[in-house]
Amino acid sequence: SIFVRPARRFDVTVDKRGKRLGIMLRHSSGGGNAVYVKDINDDSVVKSSGLDVLVGDRIVAVNGQSMKAQALVEAISKNNSLVLTIARVDAALSLDVALCLHRE
């Protein structure tokens, strides 16, 4: 069996109101084009605003701009008004695959 996990993309609008967003992010040392939500602080803007951001979500763009991971982190830090494009894996799809060998 092969498990396929499609990512659903959606936007979350955040007004930090001069505060820190309150989420811990991680990204690979090689860069990449996304950052992952590692943790969300209890007193974060995300939680207090009831925003749909979960641990494990991937942030793939900020204010409509896709960029390298480090640039995403900088954009999140610098801007008070944010539109975060989130990619989330909701459920696994299971596929059964049969392999046929053909010999000549």
Side-chain angles (χ1 to χ4, degrees):
S1 291
I2 298 172
F3 294 97
V4 179
R5 293 180 175 233
R8 177 175 58 95
R9 287 185 179 218
F10 58 94
D11 290 334
V12 174
T13 302
V14 182
D15 181 4
K16 296 192 312 187
R17 300 177 298 269
K19 299 179 182 177
R20 296 180 69 131
L21 192 56
I23 59 177
M24 293 178 62
L25 301 172
R26 69 176 172 83
H27 58 84
S28 66
S29 59
N33 293 327
V35 290
Y36 295 83
V37 178
K38 182 178 176 182
D39 196 15
I40 303 171
N41 298 336
D42 288 334
D43 60 346
S44 69
V45 170
V46 169
K47 279 198 178 180
S48 66
S49 300
L51 297 174
D52 187 18
V53 177
L54 302 174
V55 171
D57 283 349
R58 283 186 308 139
I59 299 173
V60 296
V62 175
N63 296 336
Q65 300 294 310
S66 297
M67 53 193 93
K68 295 288 185 189
Q70 188 59 41
L72 287 169
V73 171
E74 290 171 11
I76 291 168
S77 297
K78 290 180 183 177
N79 294 293
N80 270 321
S81 295
L82 302 168
V83 177
L84 304 175
T85 301
I86 305 287
R88 178 180 297 158
V89 175
D90 286 321
L93 300 176
S94 177
L95 302 174
D96 288 325
V97 177
L99 299 176
C100 298
L101 298 175
H102 178 70
R103 294 183 187 202
E104 293 185 25

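Not measured: the values here are computed from a predicted model. Start at 1 with the first residue, then count along the sequence.
- The closest side-chain heavy-atom distance from Lys38 to Val55 is not below 4.5 Å.
- Of the possible polar contacts, one joining the Asn79 side chain to the Ala75 backbone as a donor-acceptor pair under 3.5 Å is found.
- Between Met67 and Val62, the shortest heavy-atom distance links the atoms CE-O, 4.1 Å.
- No chain of hydrophobic side-chain contacts below 4.5 Å, direct or via other Ile, Leu, Val, Met, Phe, Trp or Tyr residues, connects Leu84 to Val89.
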Open item on the list: Pair Lys47, Asp42 - check side chain to side chain contact (heavy atoms under 4.5 Å, CB included), show working.
Closed with: CA-CA 7 Å; Lys47 279 198 178 180; Asp42 288 334; 3.1 Å; yes
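- In this structure a side-chain-to-backbone donor-acceptor pair under 3.5 Å is missing from Lys68 to Ala34.
- The one candidate from Ile76, Asn80, Leu82 that meets the side chain to side chain contact (heavy atoms under 4.5 Å, CB included) condition with Val14 is Leu82.
- Here the side chains of Val45 and Arg20 are not in contact, with every heavy-atom distance at 4.5 Å or above.
- Considering only heavy atoms from C-beta on, Arg88 comes within 4.5 Å of Leu54 through its side chain.
- Put simply, CG on Asp43 and NZ on Lys19 are 9.0 Å apart, with the number rounded to the nearest 0.5 Å.
- Asn63 places a side-chain N or O within donor-acceptor distance of the main-chain N or O of Val83, the cut-off being under 3.5 Å.
- Residues Gln70 and His27 meet the side-chain proximity criterion, which asks for heavy atoms closer than 4.5 Å.
- Taken together through direct or relayed side-chain contacts under 4.5 Å among Ile, Leu, Val, Met, Phe, Trp and Tyr, Val12 and Tyr36 form parts of separate hydrophobic clusters.
- The only member of Asp11, Val60, Ile59 that meets side chain to side chain contact (heavy atoms under 4.5 Å, CB included) when paired with Ile86 is Ile59.
- When hydrophobic clusters are built by joining Ile, Leu, Val, Met, Phe, Trp and Tyr residues whose side-chain heavy atoms come closer than 4.5 Å, directly or via intermediates, Met24 is not grouped with Val53.
- Closest approach of Lys16 to Ser77, counting heavy atoms only: NZ-O, 3.2 Å.
- The side chain to side chain donor-acceptor pair (under 3.5 Å) test applied to Asp15 returns no partner, not counting sequence neighbours.
- The backbone N or O of Ile40 sits nowhere less than 3.5 Å from a side-chain atom of Ser44 that would complete a donor-acceptor pair.
- Within the 4.5 Å cutoff, the side chain of Asp52 has heavy atoms near those of the Phe10 side chain.
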